[in-house]
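For reference, the structure discussed in these notes is given below.
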Amino acid sequence: MSVMKTSLRNFFAHKGRMILSGLAVLLSVAFVCGTLVFTATMQTTFDRLFTVSASNVMVTPGTAEDSGGFDQAPAMTGRPETMPGEVVETLRGVDGVEEVTGYLDSQSVVAVDADNENIGPATGAPTIVANWTPIELRSMEIVEGAAPEGSGEVMVDSQTAENSSVAVGDELRLLSVGGSFEATVSGIVEFRITNPGATLLYFDTATAQEILLGGEDGYTAFYVDTTDAVPDEEMRDRVASAVNGEQYLVRTAEQYAEDNRNALGEFLDIIRWVLLGFAGIALLVGIFLIVNTFTMLVAQRTREIGLFRAIGAQRGQVNRSVMVEALLLGIVGSVLGFVAGIGIAIALMAILGAVGMNLSTDDLTVGWAVPVTGIVLGVTVTLIAAWIPARRAGRITPMAALQDAGNPGDVRAGRVRAAIGAALLALGVAALIAVTGTESAGTAGQLLGVGIPLTLVGLVLAAPALVGLVIRGLSAVLLRGFGSVGRLAERNALRNPRRTGATASALMIGLALVSALSVAGASLVASTDKAIDETIGADFIVQNEGFTPVIPEAVEAARGADDLEAISEYREIRAELTPVGGGGDDAFDQRLAMVNEAYPRVFAVDVAEGDIDGALAPGGISLTDTVAERQGVELGDELEVLTQGGGTTTLTVRAITTSAGAATEGDAAYIGIAGAEEFIPEEAMPLPWGLFAIAEEGRQAEARASLEAALEPFPQVVVRDQADYKELVRSEVGMLLNMVYGLLALAIIVAVLGVINTLALSVVERTREIGLMRAIGLSRRQLRRMIRLESVVIALFGAVLGVALGLFWGWASQRVMALEGIDVLEIPVDVIVIVFIGSALVGLLAALIPAFRAGRMNILRAIATE
């Protein structure tokens, strides 16, 4: 009981010193709990949507495996995969069926308002055109106007109407594979559950079939409602028997919802694990903070612990006393973190709402596992972090404590620790260097996965041993100009290498990741720039926003532009190639690129053997040297081709090209579009995802103006020159990196808390010393400057270690990516400079409160402090 009383007394006596450590636990646990609540709420919301909208039995087109073994991508054709309308009567004839509703939808449509602006989401979500049926009323309600009737009417979802200022009576133009269609907004429909973020446009069934299928009587799903007299499983079997279940996918409402749940779950799992990964980094950084806090508290209470031992306390009691304090810290921080996590989840829901996906707090899902996971995780991490300081406290003897108010074990880093750190660091460095000696991307990735944690742990353990060397070097550059105050700041930073090393290591982790990712991102951009310069000979690249297929009308408009010397389409389809005369095991999957005869002029194709023009003529095909070598195919060999959608033919290998690498198009095989049209069914022929155009000599500006004018009716189509295309890549990579930096900011914030905590406790530890310095003439301004300089040099020490480690990680990562075509190493000097400047600012900001408190100390009371 005395142990518990002592722990409680110490905990509340030093509650101010525990706050920052508690914040580290709180933030990390909040991020974990917020992630779990957010993803669970999304799952719950969409589960409701799937469950409410489904009928007793759902019939949809067969899966990719059922229809030929390819990864179907019907959107590339501009037409959805459908079932014939005659199936409706077959379904209605099944005993027990009450009603059958045919549903048709597609994401390959663009909607344009009267100002020729695309009203689709700017977030990358799709525009969905569908037929309006009673099924939609299960999850929606018409809030204005009426449902569409006839070919000239369309109904729009309320989110799109609000975002694009669309109202009842406005005119819209629909652009699809079938052409352009005019329609007047007849009504506004609103989700009762959630808007999934897409733009939804509803037509009557006949109009939807005209726009999406050219008038063909087809549907993408059949909703089968039964009399409920027969179980859904039995009705599923009856329906499957009636419509040939091997051709169509027939599921109960429960199976349909489960399949959608699983598909969404895969996406949510990615989000969940990514966010939890960053929360784990923050927890790791928090461990350093907690270790430092308890180490310094134990050192400051050495005399108190010695007295405790002198009156009969055992080592185990002292140890347990510190661990109980850690337990209290972990519980309080974790409970508050759980509460804050719910707030984070609601904030994430609000962010999604801002981009169109409305999640209601009514669906907020907080399972029992969330608080349990958060509290167990927070408490466990806190106890682990406090274990070493607790053991040190237990080893304090009564005499040593009474004779010395400090803890000599904290003065210098242990030799064993430094030796272990150096060994792990050497092993990690060896693993990362070994990356350059392998030609297998898989092996290189494994070496990278081994080398990164080894170098991280090794440098963390070795950091105290590096304090003297690095701090003195930084001081020579930064602190010498501040005279005696600078020298005092340097000595304070050197006073306890273990503490300085731990504080800097917390900051080092976040900065190492920032530096490594910056190198990887810059290398990706530089490699892509190089590939564009070396391979794309076109002056202009014409693509849809979001890289969706370009509709035929837009292709024809581009071909009609003036001042163009040549233009080529680029289409892609999946195919299975089998060498003629080989066994069935010789078949291999291949991306098949379909291009015009002008393609070699607009895209540099490096031919190793044969003739690329012959390969693009009907009956020919080209393979890359990588694929040809791997499959044992030579120039002149024949290949049986089976394409996605059922097209079959035999082609002759007339060219072997050099692999372009991942930075451009990889190992695609080439055939000519004219030859492809001879054996690929029209309904399976993909649309081009891009056009490459060359301007007439000296007419680049005129050609671009002509292209943009020709494509003006198609606002989704963008004309870019090579510089624009490079900027697009930079912006995409930059957006991804900014998201990662934002998530890493959590770990850096926790590291900053660690610097503040270390300085605050250090000021308390040096109370008498500060009083003596003030008594002999050190002014408040000089004292505050000394603490600020100490903080800056510690933060820069962390930056030096973090940037050095991050650059090494980035170099090794680029060597791995080089095996996939990212062959340019680029060091982002601007980011590195920003990291150092930012670290110095972090040091200044972290020192504000400790320096202010130190300056307010009463000199006499400080000198009298024991």
Side-chain angles (χ1 to χ4, degrees), residues 39-75 80-85 87-107 126 128 130-131 133-140 191-194 196 198 218-272 363 365 367:
T39 52
T41 300
M42 281 193 69
Q43 187 77 68
T44 299
T45 300
F46 281 94
D47 280 353
R48 283 184 58 203
L49 182 61
F50 299 143
T51 302
V52 167
S53 61
S55 293
N56 299 88
V57 177
M58 301 292 298
V59 182
T60 54
T63 63
E65 287 186 359
D66 294 333
S67 58
F70 297 107
D71 180 15
Q72 296 279 3
E81 189 177 3
T82 60
M83 301 170 291
V87 175
V88 171
E89 296 306 318
T90 303
L91 293 172
R92 286 176 177 160
V94 176
D95 186 28
V97 170
E98 183 176 36
E99 184 57 64
V100 178
T101 304
Y103 178 75
L104 172 65
D105 74 325
S106 174
Q107 299 181 16
I128 300 175
N131 63 324
T133 69
I135 299 295
E136 311 308 314
L137 290 174
R138 298 175 182 177
S139 58
M140 299 176 165
F191 275 91
R192 289 199 300 266
I193 300 175
T194 181
Y219 298 92
T220 54
F222 293 114
Y223 288 72
V224 181
D225 291 293
T226 69
T227 59
D228 293 330
V230 180
D232 287 355
E233 290 76 10
E234 183 176 337
M235 285 303 304
R236 175 199 59 202
D237 296 339
R238 290 182 185 181
V239 168
S241 177
V243 301
N244 187 358
E246 294 182 359
Q247 182 178 0
Y248 303 125
L249 181 60
V250 183
R251 293 168 287 180
T252 64
E254 184 177 345
Q255 289 174 323
Y256 173 80
E258 181 65 24
D259 287 348
N260 280 283
R261 185 181 303 117
N262 291 338
L264 177 65
E266 292 178 5
F267 169 71
L268 291 180
D269 281 345
I270 295 173
I271 295 177
R272 182 183 298 115
D363 293 326
T365 305

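None of these values were measured; they are calculated from a predicted model.
- The two atoms that bring A130 and D105 nearest to each other are CB-CB, 3.8 Å, heavy atoms only.
- Between the OG1 atom in T90 and the CE atom in M83 there is a gap of 11.5 Å [rounded to 0.5 Å].
- Under the rule for a side chain to side chain donor-acceptor pair (under 3.5 Å), T133 has no partner lying at least two apart in sequence or in another chain.
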Dump the intermediate steps for side-chain contact (heavy atoms from CB on, under 4.5 Å) on N56 and M235, then the final yes or no. CA-CA 8 Å; N56 299 88; M235 285 303 304; 6.0 Å; no
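- Put simply, the side chain of N131 gets close to the backbone of G102: a donor and an acceptor are under 3.5 Å apart.
- For D259, the salt bridge (charged side-chain N to carboxylate O under 4.0 Å, His left out) partners at least two apart in sequence or on another chain are R251.
- By the 4.5 Å heavy-atom criterion applied to side chains, E98 and T226 are not counted as neighbours.
- Taking the salt bridge (charged side-chain N to carboxylate O under 4.0 Å, His left out) definition, one finds that D225 meets it with R138, sequence neighbours left out.
- In this structure, the side chain to side chain donor-acceptor pair (under 3.5 Å) partners of D269, at least two apart in sequence or on a different chain, are R272.
- The minimum heavy-atom distance between I128 and A198, with the atom names listed, is CD1-CB, 4.0 Å.
- When every heavy atom of M140 is checked against every heavy atom of R192, the shortest pair comes out as O-NH1, 2.7 Å.
- With sequence neighbours left out, T227 forms a side chain to side chain donor-acceptor pair (under 3.5 Å) with no residue at all.
- The salt bridge (charged side-chain N to carboxylate O under 4.0 Å, His left out) test applied to E254 returns no partner, not counting sequence neighbours.
- Considering CG of L104 and OG1 of T82, their distance stands at 7.5 Å, rounded to 0.5 Å.
- Contact annotation: the side chain of V87 approaches that of F222 to within less than 4.5 Å [non-hydrogen atoms, C-beta and beyond].
- Every salt bridge (charged side-chain N to carboxylate O under 4.0 Å, His left out) that E258 has, sequence neighbours left out, goes to R261.
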Give the intermediate values and the outcome of side-chain contact (heavy atoms from CB on, under 4.5 Å) for residues R92 and V88. CA-CA 6 Å; R92 286 176 177 160; V88 171; 3.4 Å; yes
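- Every residue was checked against the side chain to side chain donor-acceptor pair (under 3.5 Å) condition with T41, not counting sequence neighbours, and none meets it.
- Shown here are the side-chain contact (heavy atoms from CB on, under 4.5 Å) partners of D95, two or more places apart in sequence or in another chain: R238.
- A253 meets the side-chain contact (heavy atoms from CB on, under 4.5 Å) test with A54; sequence neighbours excluded.
- Scanning both residues, Y248 and V243, for their nearest heavy atoms gives CD1-O, 3.3 Å.
- Side chain of S241 to main chain of D237: no donor-acceptor pair is present (N/O by atom type, distance under 3.5 Å, no hydrogens or angles).
- Listed by chain and residue number, E233, E234 satisfy the side-chain contact (heavy atoms from CB on, under 4.5 Å) test with P231 (two or more places apart in sequence, or in another chain).
- In terms of the ring-ring contact (aromatic ring centres under 6.0 Å, His included) criterion, Y256 has no residue partners (sequence neighbours excluded).
- With values rounded to the nearest 0.5 angstrom, T60 atom OG1 is found 13.0 Å from Y103 atom OH.
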With side-chain contact (heavy atoms from CB on, under 4.5 Å) as the criterion, how do L91 and V97 come out once you've worked through the C-alpha distance, each side chain's angles and the decisive distance to 0.1 Å? CA-CA 7 Å; L91 293 172; V97 170; 5.5 Å; no
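- Closest approach of P61 and T220 over heavy atoms only: CD-O, 3.2 Å.
- Scanning all heavy atoms of the two residues, the minimum distance from Y223 to S53 falls at CE2-O, 3.2 Å.
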